[in-house]
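As structure tokens, the structure follows; a few thoughts come after it.
Note that the numbering runs from 1 along the sequence shown for the chain.
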Amino acid sequence: MSSETNDGFLYGVYRSRVGEPTTHDEVRGYWVFLTGLVLGTLGIILFLPSTSAVGSSGFTIREASVFIAAIGLAMLVAGPVIRLPLQPWANYAAYLGQVVCFAAAVWFVLVFPSGWSVQTGNQPVIVLYAAGLAIITLVGLVAPLLSSGTHEELAASEGRTNELESELSAVRDERDRLEDELAQAREESEAGATAQSDLQATLDSLRTSQARFELYEDAAEQWRWRLRHRNGNVVADSGEGYTRKHNAQKGMQSVRRNALGATTLLFEREAELPDEEADFEPVEEQESQGTFELEEDSAGEYRFRLRHDNGNILGDGGEGYSSRSNAKRAVARVREYAGPADYLWFDPTGFEVYRDAADEWRWRLVHRNGNILADGGEGYTRRNDANRAVDRIRENVDDLEFEVYDDNRGETRWRLHGANGQIVADSGEGYSSRDEADEAVDRVREYAPEADVLEIGRAAFEIYEDRGGDHRWRLRHRNGNILMDSGQGYADRSGARDGVESVKRNAPNADLDE
């Protein structure tokens with residue numbers, strides 16, 4: 001069974017020719033508008049050489065031109081409305097208006113020319129077509145006025161999203177060099193066993209820190225962090241306050257990830273320091289040391305795997321494909337997505353914001369062992385709405401009311417009510433006893449305030465612990481499909497991360513061996 005994404009050909013053309021869309025409705029609206037433009041133009045071109053005489057029978061060029069132009073005009077009006085970030089009911093109404101216009105156009109074909117007057121036309125047909133256009137037009141005018149939220153809230157939400165994406169991009173570009181060297185040493189163990197041992201010893205000594213991070217609230221009620229040596233001296237601090245505790249924690253974790261292995265640049269004077277906006281020198285693209293192998297298995301399905309030059313299997317597709325072309329497309333997606341894909345690293349928990357099979361945005365609170373502690377229970381049309389729901393849970397979980405109840409199957413569940421009485425989260429699964437459900441509620445109260453939000457872009461690597469206690473990774477597309485997995489377990493999380501880093505280095509430029 002193929003695991004192709006549901007983006008489709010038109011979605012890919014839009015992304016490569018127009019830009020990266022934020023919603024699928026943006027793409028659909030664009031193609032509806034473009035189709036209406038083509039049909040409307042074609043209808044006008046056919047109308048010009050046609051005769052104005054109305055015959056007794058037959059399908060005339062003028063009749064065809066009016067039919068095509070009518071359909072094109074409806075799509076031309078509906079396209080921009082569908083493309084707008086409106087509520088789902090507004091898009092459904094726009095599609096309904098097109099259906100009404102199409103029905104009027106078909107009705108015109110049935111009554112023309114015998115039931116059509118040159119002077120007055122056919123009033124029922126005209127009224128029905130006008131009603132379809134009115135539905136589309138009213139949706140475009142009224143829906144923005146009825147949409148919840150303000151422009152300021154949307155702008156703030158977009159700003160938080162951009163900030164998080166920038167931070168994730170910076171983390172990806174500034175990976176720990178010593179960890180990379182360790183991964184390379186492991187891959188080339190036959191030639192560099194001694195170097196690997198020395199490097200591991202260096203990392204072990206560096207990891208035995210003589211200092212600790214301290215997270216605290218200052219007198220101005222802002223959150224700060226500092227790195228204090230065991231002798232009491234403050235080695236480093238945040239330099240600024242954060243309004244929320246989890247933001248300070250994210251800044252602290254960023255320093256922890258990026259400080260080890262950072263290079264040193266010496267400047268004689270402060271004036272020589274580069275601007276804050278100045279970019280780092282670009283990293284040269286590394287030549288791949290891996291090859292994708294594509295073969296047909298005994299069941300007649302096509303499978304692929306990524307093999308390192310030293311013979312080790314770095315990862316595989318995890319499933320078979322019905323045709324060679326589908327398997328090749330899967331390899332192409334891995335090449336495209338693996339390099340820029342981020343980690344979904346749960347430490348110990350994280351809010352995962354993702355797009356489900358129905359093209360809706362959802363969130364769930366996931367523990368590092370893979371267990372889902374809570375989920376939103378409903379989908380959102382926009383990622384920003386899901387992010388705002390996560391922020392409400394994370395900031396107000398202590399003030400919200402948990403309800404523990406027994407369902408129809410005799411299992412115990414919990415759900416979380418918002419200030420307005422609506423259900424904003426639930427357990428997602430049943431428990432055999434009320435004590436287990438109460439313990440689950442306590443875990444959500446404990447973990448939710450400090451859990452980071454982990455957003456899946458186009459794809460992301462998930463590092464998780466399987467039922468056997470081994471650590472594995474998988475590359476998941478934002479629509480939920482698994483593009484690639486480790487194919488094997490690792491004894492610890494660092495081994496799984498090294499496997500991910502090896503795939504990120506070697507997959508984008510790896511050749512395909514059929």
Can any side-chain N or O of [X] pair as donor or acceptor with the backbone N or O of [Y] at less than 3.5 Å?
| X | Y | value |
| --- | --- | --- |
| Ser288 | Asn506 | yes |
| Asn312 | His308 | no |
| Asn326 | Tyr321 | no |
| Tyr129 | Ala70 | yes |
| Asp406 | Gly410 | no |

ask   = OH of Tyr490: more than 12 outside heavy atoms within 6.0 angstrom?
value = yes
Write down the atom of [X], the atom of [Y], and the distance for their closest heavy-atom approach.
| X | Y | result |
| --- | --- | --- |
| His471 | Ala491 | ND1-O, 3.8 Å |
| Trp361 | Thr381 | CD1-O, 3.7 Å |
| Ala507 | Ala338 | CB-CB, 4.0 Å |
| Asp316 | Gly487 | OD2-CA, 3.7 Å |
| Thr412 | Ala437 | CG2-CB, 3.5 Å |
| Gly290 | Ala510 | O-CB, 3.3 Å |

Measure the shortest side-chain to side-chain distance between [X] and [Y] over non-hydrogen atoms and say whether it is less than 4.5 angstrom.
| X | Y | value |
| --- | --- | --- |
| Arg388 | Arg382 | yes |
| Gln98 | Cys101 | no |
| Leu416 | Ile393 | yes |

ask   = Taking only residues two or more places apart in sequence, or in another chain, which ones meet Phe402 in a ring-ring contact (aromatic ring centres under 6.0 Å, His included)?
value = Trp414
key: Contacts of Phe108 that satisfy ring-ring contact (aromatic ring centres under 6.0 Å, His included) - sequence neighbours left out   = Phe112, Trp116
request  = With Phe304 as reference, evaluate Val331, Leu512, Asp513 under the side chain to side chain contact (heavy atoms under 4.5 Å, CB included) test and give the passing residue.
outcome  = Val331
Identified side chain to side chain contact (heavy atoms under 4.5 Å, CB included) partner of Leu483 from the options Arg333, Arg474, Glu336 = Arg333
request  = Could you tell me which residues satisfy side-chain hydrogen bond (donor to acceptor under 3.5 Å, both in side chains) with Arg324, sequence neighbours excluded, listed by chain and number?
outcome  = Glu514
key: Note: Arg305-Glu295 ion pair, threshold 4.0 Å (strictly below)   = yes
request  = Find out whether the Lys NZ or Arg CZ of Arg415 is both under 6.0 angstrom from the six-membered ring centre of Tyr405 and within 45° of the ring's axis.
outcome  = yes
